[in-house]
Amino acid sequence: MKVIGVTRGDDGPQLLERERPSPNPGEALVRTLRVGVDGTDHEVLSGSHGGFPDGADHMVLGHEAVGVVEEPNGTGLEAGQVVAPTVRRKPDGETNEYFRRGEPDMAPDGEYTERGIVGDHGFMAEYFTSPADFLVPVPESVAEYGFLVEPLSITEKANEHAYATREPFDWRPESACVLGNGSLGLLTLWMLDQEYDRTYCVGRRDRPDPTVDIIDEIGSTYVDSRETPVDELPAVHEAMDYIYEATGFAPHAFQTVKALDQNGVGVLLGIPEPWEFEVDGGSLHNEIVLHNKCLIGTVNSHVSHFEDAVETLQELPEWLLDDLVTTVTDPEHVEAAFEDGDDQIKAVVEFDSL
Ligand code: NDP
Ligand code: ZN
């Protein structure tokens, strides 16, 4: 079968031929429909994030997938059922307390692998196997966009964790700001715009730009960080009740504290490389304490977040799906899905259709 992988010493995706996998007991065989590409895949290719499976000379890419159950293999799933796979797996097939609790997204390093990211092959293949309990049903009506369940689930978890910190009091947020106009940022912006009176999105692009067009169409305010740095948001626009960082630009983590309104919460998603710079730690500490602010980090997601994401996917408007997906390519032309120009938002590798 065809797979898209990266080999050691290389930093581009390659079309490789591999044997079709057979499901072990408890696993189903899935025929892949589509696999999305995001910032994390680019980080995996450049070697700045993730790592190969132990001893392997290549890693199959891809962690945002949708497929159809080909062989249920006695798992209780039905052949033909559309599913989206979660990403974290038990290392070496062993279990641990995080997986037993159904919270592998909270497991520490070394206690999990991530398919297509760290220590495990991904889903960019004509077929993949997975334990049935990591395959979340997706309605056929949205199968075409089922690869968005994974990125949406990242935000379902981030929001859940961030809002949980504000539960002890009567929090009445009105304004939200997303830092980053990549695919994760734009999906999140639409979600937040359903909840908040006023939303903002920070990028660093000149108009005209397809991501800024989406921000406009959502009805949010576009903020260019070259003109308005994040910590100047309160002076130029307003202090934010909620900030969702999806740039991976490390200074944003600290500027978020200043940009938050009193009692606000900022959630950090980006995965920057080491980077030393100066910050006024005293003021940050003071600001967090005296204004009841919260800064929280979050990574990955699990089954309940995927289930919430399936609900959200069904609400996404057609225009947003159309504008967001800028490339659909077959495995033979996979380079197109990894091109990184300003006109690329979400690229998809299509292996098959329903
Ligand atoms: P992208 O790389 O597609 O998007 C990042 C966006 O941030 C780009 O549009 C970029 O703009 C913008 N940006 C970067 N620096 C600045 C800046 N200084 N000012 C304004 N805008 C800036 O990535 P994704 O959308 O896929 O993901 C976003 C981040 O979240 C990544 O770091 C990714 O690794 C991380 N991530 C984390 C997950 C988690 O579980 N925590 C899950 C998924 C992703 P431009 O294109 O113009 O350079
Ligand atoms: Zn991702």
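Reckoned from all heavy atoms, side chains included, excluding hydrogens, waters and symmetry mates. Predicted model, so just to flag it, every value in this text is computed and none were measured.
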**Student:** Under 4.0 Å between a side-chain nitrogen and a carboxylate oxygen: does that hold for Arg172 and Asp170?
**Tutor:** yes
**Student:** Do Asp308 and Ser153 make a side-chain contact, defined as non-hydrogen atoms from C-beta onward lying under 4.5 Å apart?
**Tutor:** no
**Student:** Out of curiosity, Ser225 OG to Arg204 CZ, how far, rounded to the nearest 0.5 Å?
**Tutor:** 7.0 Å
**Student:** So do the side chains of Thr129 and Val30 get within less than 4.5 Å of each other, counting heavy atoms only?
**Tutor:** no
**Student:** Looking at Arg205, is its backbone amide N or carbonyl O close enough to the side chain of Tyr222 to form a donor-acceptor pair, meaning the two atoms are under 3.5 Å apart?
**Tutor:** yes
**Student:** With a sphere of 6.0 Å drawn around CD of Glu315, does it hold more than 12 non-hydrogen atoms of other residues, nucleotides or ligands?
**Tutor:** yes
**Student:** Shared ILVMFWY cluster between Leu316 and Tyr145, side chains joined below 4.5 angstrom?
**Tutor:** yes
**Student:** Any link between Leu284 and Ile296 through a network of hydrophobic side chains (Ile, Leu, Val, Met, Phe, Trp, Tyr) touching at under 4.5 Å?
**Tutor:** no
**Student:** Can you name the closest pair of heavy atoms from Glu307 and Val136 and give their distance?
**Tutor:** CG-CG1, 4.0 Å
**Student:** Could you list the residues that satisfy ring-ring contact (aromatic ring centres under 6.0 Å, His included) with His58, not counting sequence neighbours?
**Tutor:** His121
**Student:** Does a salt bridge link Lys346 with Asp323, judged by any charged N lying under 4.0 Å from a carboxylate O?
**Tutor:** no
**Student:** Sorted by first residue and then second, give each salt bridge (Lys or Arg N to Asp or Glu O under 4.0 Å) pair with at least one member in residues 228-257; sequence neighbours left out.
**Tutor:** Arg198-Glu238
**Student:** Count the heavy atoms of every other residue, nucleotide or ligand shown that sit under 6.0 Å from NE2 of His333, and state whether that count exceeds 12.
**Tutor:** no
**Student:** Does one side chain, of Thr211 or Asp209, offer a donor that lies under 3.5 Å from an acceptor on the other?
**Tutor:** yes
**Student:** Do Tyr163 and Glu195 meet the criterion of a side-chain donor-acceptor pair at a distance under 3.5 Å?
**Tutor:** yes
**Student:** Val69 versus Glu78: any side-chain heavy-atom pair under 4.5 Å?
**Tutor:** no
**Student:** Applying the side chain to side chain contact (heavy atoms under 4.5 Å, CB included) criterion to Phe147, which one of Thr32, Val348, Val349, Val37 satisfies it?
**Tutor:** Val348
**Student:** Counting only heavy atoms from other residues, nucleotides and ligands, does the tally under 6.0 Å from CG of Asp54 exceed 12?
**Tutor:** no
**Student:** Hey, does Leu179 have a side-chain heavy atom less than 4.5 Å from the side chain of Tyr200?
**Tutor:** no
**Student:** Applying ring pair (Phe, Tyr, Trp, His ring centres under 6.0 Å) to His63 and Phe123, what does each step give before you reach the verdict?
**Tutor:** CA-CA 6 Å; His63 61 278; Phe123 304 121; 8.4 Å; no
**Student:** Kindly indicate whether the side chain of Pro317, heavy atoms from C-beta on, has any atom under 4.5 Å from the side chain of Trp190.
**Tutor:** yes
**Student:** If you compare all heavy atoms of Ala143 against all heavy atoms of Val66, which two are closest, and at what distance to 0.1 Å?
**Tutor:** O-CG1, 3.6 Å
**Student:** Begin with the C-alpha distance, continue with both residues' side-chain angles, and end with the deciding distance and a verdict on side-chain contact (heavy atoms from CB on, under 4.5 Å) for Val138 and Val83.
**Tutor:** CA-CA 5 Å; Val138 174; Val83 288; 5.7 Å; no
**Student:** Atom OG1 of Thr256 and atom CD of Glu287: how far apart are they, to the nearest 0.5 Å?
**Tutor:** 12.0 Å
**Student:** Can you name the nearest heavy-atom pair linking Ser301 to Asp105, along with the distance?
**Tutor:** N-CB, 3.7 Å
**Student:** May I have the step-by-step check of side chain to side chain donor-acceptor pair (under 3.5 Å) for His305 and Glu160, ending in yes or no?
**Tutor:** CA-CA 9 Å; His305 310 117; Glu160 182 183 54; 2.9 Å; yes
**Student:** With a 4.5 Å cut-off on side-chain heavy-atom distances among I, L, V, M, F, W and Y, is there a chain of contacts connecting Ile243 to Val299?
**Tutor:** no
**Student:** Taking the cut-offs as 6.0 angstrom to the six-membered ring centre and 45 degrees off its axis, would you call Arg20 and Tyr127 a cation-pi pair?
**Tutor:** yes
**Student:** Which heavy atom of Val149 sits nearest a heavy atom of Ala309, and at what distance?
**Tutor:** O-CB, 3.4 Å
**Student:** Check whether the side chains of His302 and Glu103 place a donor and an acceptor atom closer than 3.5 Å, and report yes or no.
**Tutor:** no
**Student:** If every non-hydrogen atom of Lys293 is compared with every non-hydrogen atom of Leu260, which pair is closest and at what distance?
**Tutor:** NZ-O, 2.9 Å
**Student:** Distance alone, cut at 3.5 Å: any donor-acceptor contact between the side chains of Arg115 and Ser130?
**Tutor:** no
**Student:** Carefully, step by step, assess Thr312 and Glu156 under the rule side chain to side chain donor-acceptor pair (under 3.5 Å).
**Tutor:** CA-CA 9 Å; Thr312 301; Glu156 301 287 359; 2.5 Å; yes
**Student:** Whether Arg8 engages the ring of Phe52 as a cation-pi pair (distance to the six-membered ring centre under 6.0 angstrom, angle to the ring normal within 45°) should be assessed.
**Tutor:** yes
**Student:** In this structure, are over 12 heavy atoms from other groups packed under 6.0 Å from Lys258 atom NZ?
**Tutor:** no
**Student:** Would you check if Val44 and Met59 make a side-chain contact, meaning some heavy-atom pair closer than 4.5 Å?
**Tutor:** yes
**Student:** Walk me through whether Asp352 and Arg31 qualify under salt bridge (charged side-chain N to carboxylate O under 4.0 Å, His left out).
**Tutor:** CA-CA 8 Å; Asp352 208 348; Arg31 174 168 56 89; 2.9 Å; yes
**Student:** Going by the salt bridge (Lys or Arg N to Asp or Glu O under 4.0 Å) test, name the single residue among Glu332, Glu17, Glu19 that passes it with Lys2.
**Tutor:** Glu332
**Student:** At what distance, to the nearest 0.5 angstrom, does SG of Cys177 lie from CG of Leu189?
**Tutor:** 8.5 Å
**Student:** Give a yes or no answer on whether the side chain of Asn73 reaches the backbone of Thr75 with a donor-acceptor pair at less than 3.5 Å.
**Tutor:** no
**Student:** For Glu27, is there any backbone N or O sitting under 3.5 Å from a side-chain donor or acceptor partner on Asn24?
**Tutor:** no
**Student:** Rounded at 0.5 Å granularity, tell me how far CG in Asp41 sits from NE2 in His49.
**Tutor:** 10.0 Å
**Student:** Of all heavy-atom pairs between Ala107 and Arg88, which one has the smallest distance, and what is that distance?
**Tutor:** O-NH1, 3.5 Å
**Student:** Side chains of Thr7 and Gln14 only: does a donor on one sit below 3.5 Å from an acceptor on the other?
**Tutor:** yes
**Student:** Taking the side chain as every heavy atom from C-beta outward, state whether Ile345 and Ile214 have any atom pair closer than 4.5 Å.
**Tutor:** yes
**Student:** Hey, could you give me the CG/CH2 distance between Asn263 and Trp171, rounded to the nearest 0.5 Å?
**Tutor:** 9.5 Å
**Student:** Does Arg101 make a cation-pi contact with Tyr98, if we ask for NZ or CZ under 6.0 Å from the ring centre and within 45° of the axis?
**Tutor:** yes
**Student:** Which residues pass the salt bridge (Lys or Arg N to Asp or Glu O under 4.0 Å) test with Asp213, not counting sequence neighbours?
**Tutor:** none
**Student:** Do Val6 and Val60 belong together in a cluster built from hydrophobic side chains that touch within less than 4.5 Å?
**Tutor:** yes
**Student:** Please tell me whether Thr247 and His252 have a donor and an acceptor in their side chains that are separated by less than 3.5 angstrom.
**Tutor:** yes
**Student:** Do Gln344 and Thr327 have side-chain atoms, one donor and one acceptor, less than 3.5 Å apart?
**Tutor:** yes
**Student:** What class does the angle between the rings of Tyr242 and Tyr196 fall in, given that below 30° is parallel, 30 to 60° is tilted and above 60° is perpendicular?
**Tutor:** parallel
**Student:** Check whether Asn96 reaches the backbone of Phe99 with its side chain - one donor and one acceptor, N or O, closer than 3.5 Å.
**Tutor:** yes
**Student:** Compute whether any side-chain donor of one residue and acceptor of the other, for Asp193 and Thr199, lie under 3.5 angstrom apart.
**Tutor:** yes
**Student:** Is it the case that over 12 heavy atoms from other parts of the model lie below 6.0 angstrom from the CD atom of Gln314?
**Tutor:** yes
**Student:** Check the angle between the aromatic planes of Phe254 and Phe277 and answer parallel, tilted or perpendicular using the 30° and 60° thresholds.
**Tutor:** perpendicular
